[in-house]
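Keep in mind that what you see is a predicted model, and the values were worked out from it rather than measured.
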Amino acid sequence: MNMNKILKYLSIAAIMVPVVSCTEEKLEIMDPATLTESVSIVMDTENEAKIYIDSQTGSRTLPMIKGESIQLEFTTVPEDLSEITFPEMKWEPSDESVITVDESGLVTAVKAGEANITISPVTVNTLASATLHIKVVETAVPATGIEITSDATMTKDGLPACYIGETMTLTAAITPAEATYRSVLWSSGDEAVATVDPISGVVTGVSVGKVTITATALDAENPATKTFDIYVDQIIMPLGIRFTDAPEADDIFSMSDLNYTVDFETNPSECTLSQITWTSSDETVATVENGVVTFKKYGSVRISAICPEDGEAGDGFAKSAEFTLNIPAGYYNDVFADENNLLWDRANNGQTVTWKEGGKENYVEIIPYQQNATKARGDFKRTQTTYISKDFPIICFRFDDFVDMGIEGISKRNINLDTSGNTEDGTKFSGNFGGSNNKWKKKYLCSDGSAIFVYDLDTQNFATGGAFPDGTVGTFSTFQIKYADIETAPDASSLMYRFFWFKTFASEADLNAFLTEWSAETGITYE
């Protein structure tokens, strides 16, 4: 470490440690420094509306035209800069040939390209910073059309509708796809009937009636516009509710399900659903909003729905209803049903991961990267924290094995279940499950060319930590298929394998029962 860094860390330590000065009879203790907890980049509404989420990088992106300048501001936590010991902040561009920024946050587009603007504390590195991606173009590509859709779940007089006090969200799609500004500003034709957030497109019903919402493209000249009519209806109080397909006491759900939507009916059937109060007995396990339960962690949770007390519930209905939802630790059923929530990824070093809709089952297509001159590698890692328990000791994966694919020149590879985690008492378990390369307990070959790899917590050990104990839960930050040392006669970019699912079972008998049913449903045989 160089001397400048040493002096910096010593100065930070001096700031963070209370200073004690001694007199003959008195100690004076100075208050510790108050540091910046977080910082956010803000700007005026019109420029804020221009920001879109880049489909490839996922970054918040602000488009700019060469020569254009935009004033950026920032907010901090604590909000009052006078409460922060070192309040000075600095703006920094990642590429000054594309954008420049002065000390006030005025950004100027210099030439076509992409760069980031970052703001962070000057004096003390508290890891509090904010970044905005900026894409500069020579000239703007105008928006020529706008299509509007809504998430309304009801209609009135043939129009998408919501009740007074409730909301619907409008979404605008700009054409052409390469338009510079890919978002719109929203406005309401009558705010006495409904208001709309100018940036998010969230409409809030105010009074009964029809109202026109307008989306305006953000081009400086001749902006495209599109109107969308909605209806705001009168609030109708729900008198009673009943669940039509609530989980049974022995039903279990997987963390990989992500959420559960409650099927229910109300009396009257057309009522204002926001008047129903939904509660979760433990929001660390699951939260609920408008009948949609979102999973947070393993455990059991009671979900309740309560109607206002202002009338008779009606035959077969009740003022309230509830059920218990069980999400046991160690139970998984990752099947890639949702393209936007894969829960697995490993796109690095040129490796690609692509979701595919299959005829019988969806899967992820993985193209490995060149590990070295003669070998390829294509790992696949679970992105969600993975909880392991011997209540579900049978761990199964289904994916293609290159040694079974008949590719000339490939006869070897190393497949491992690679892990890193801790049990509740802090004991660490990590490394290849089974101890070394290719140590699955059982492997089934499938008629579609894939293979099912089976591991067993009851009979196999971790490379570090040994046998997993009974009666505890392991929290694993790393849980991946390490697929390495693939002999490559062709280069890695011409290789591909499919990953279909990751599942756990309480016993081998449960696995065998599942495979029998799965084979009958898909027509895929295994041996």
[X] bridged to [Y] by N-O distance under 4.0 Å:
X      : Y      : answer
Glu361 : Lys356 : no
Arg498 : Glu365 : no
Lys135 : Glu68  : no
Asp334 : Arg382 : yes

Side chains of [X] and [Y]: does their closest heavy-atom pair fall under 4.5 Å?
X      : Y      : result
Tyr163 : Met154 : yes
Gln234 : Ile164 : yes
Thr216 : Val184 : no
Cys271 : Met237 : no
Thr279 : Ser304 : yes
Ser104 : Asp102 : yes
Phe253 : Leu325 : yes
Thr284 : Lys296 : no

Under the 3.5 angstrom rule, does the side chain of [X] hit a backbone N or O of [Y] as a donor-acceptor pair?
X      : Y      : value
Thr212 : Phe228 : no
Glu166 : Gly205 : no
Ser254 : Asn333 : yes
Thr383 : Leu343 : yes
Ser188 : Thr195 : no
Thr225 : Ala215 : no
Asp257 : Asn259 : no
Ser519 : Ile524 : yes
Gln71  : Val107 : no
Thr204 : Val202 : no

Determine which pairs satisfy ring pair (Phe, Tyr, Trp, His ring centres under 6.0 Å) with at least one residue from residues 287-306, sequence neighbours left out, and list them in order.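 Qualifying pairs: Tyr298-Tyr387.
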Roughly how far, to the nearest 0.5 Å, is [atom2] of [Y] from [atom1] of [X]?
X      : Y      : atom1 : atom2 : answer
Leu342 : Asn362 : CG    : CG    : 10.0 Å
Cys307 : Gln275 : SG    : CD    : 10.0 Å
Leu185 : Asp197 : CG    : CG    : 10.0 Å
Thr175 : Ile146 : OG1   : CD1   : 8.0 Å

Parallel, tilted or perpendicular for Phe392 and Tyr331, by the 30°/60° rule?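 Tilted: the ring planes of Phe392 and Tyr331 meet at 30° to 60°.
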Walk me through it: do Thr478 and Gln480 pass the test side-chain contact (heavy atoms from CB on, under 4.5 Å)? CA-CA 6 Å; Thr478 297; Gln480 66 178 347; 4.2 Å; yes
Mind listing the closest non-hydrogen atom pair of [X] and [Y] along with its distance?
X      : Y      : answer
Asn47  : Asp44  : ND2-OD2, 2.8 Å
Thr76  : Val39  : CG2-CG2, 4.1 Å
Thr180 : Tyr52  : O-CE2, 4.3 Å
Pro78  : Thr34  : CG-CG2, 4.1 Å
Val141 : Pro176 : CG1-CG, 4.3 Å
Asn267 : Gly314 : ND2-CA, 3.7 Å

Decide yes or no on ring-ring contact (aromatic ring centres under 6.0 Å, His included) for Phe399 and Tyr363, but give the supporting numbers first. CA-CA 9 Å; Phe399 56 89; Tyr363 61 92; over 10 Å; no
Would you check, one step at a time, whether the test salt bridge (Lys or Arg N to Asp or Glu O under 4.0 Å) holds for Lys210 with Asp190? CA-CA 9 Å; Lys210 173 184 171 182; Asp190 188 348; over 6 Å; no
Is there a donor-acceptor contact under 3.5 Å linking the side chains of [X] and [Y]?
X      : Y      : answer
Ser69  : Thr108 : yes
Asp400 : Ser450 : no
Asn116 : Thr118 : no
Asn422 : Thr475 : no

Crowding at [atom1], [X] (>12 non-hydrogen neighbours, <6.0 Å):
X      : atom1 : result
Lys297 : NZ    : no
Glu322 : CD    : yes
Asp80  : CG    : yes

Given Thr266, which of Ile276, Ile236, Thr272, Leu239 fulfils the side chain to side chain contact (heavy atoms under 4.5 Å, CB included) condition?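 Filter result, single survivor: Ile276.
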Full working for side-chain contact (heavy atoms from CB on, under 4.5 Å) between Tyr181 and Ile174: CA-CA 8 Å; Tyr181 300 114; Ile174 296 287; over 6 Å; no
What residue among Phe317, Phe243, Trp278 forms ring-ring contact (aromatic ring centres under 6.0 Å, His included) with Phe264?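 One option only clears the test, and that one is Trp278.
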Please determine which of Phe380, Phe397, Phe514 meets the ring-ring contact (aromatic ring centres under 6.0 Å, His included) test together with Trp501.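 Considering Phe380, Phe397, Phe514, a ring-ring contact (aromatic ring centres under 6.0 Å, His included) with Trp501 is found only for Phe514.
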Could you walk me through whether Val203 and Trp186 pass the side-chain contact (heavy atoms from CB on, under 4.5 Å) check? CA-CA 9 Å; Val203 178; Trp186 299 93; over 6 Å; no
For the pair Ile366 and Arg346, evaluate side-chain contact (heavy atoms from CB on, under 4.5 Å) and give the outcome as yes or no after the intermediate values. CA-CA 9 Å; Ile366 302 168; Arg346 196 64 178 189; over 6 Å; no
Compute both the distance and the angle, then confirm whether Arg398 meets the cation-pi test with Phe500: under 6.0 Å from the six-membered ring centre, within 45 degrees of the axis.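 Output yes; distance and angle both within limits.
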Test of ring centre spacing under 6.0 Å for Phe336 and Trp355: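 For Phe336 and Trp355, the ring centres are not under 6.0 Å apart.
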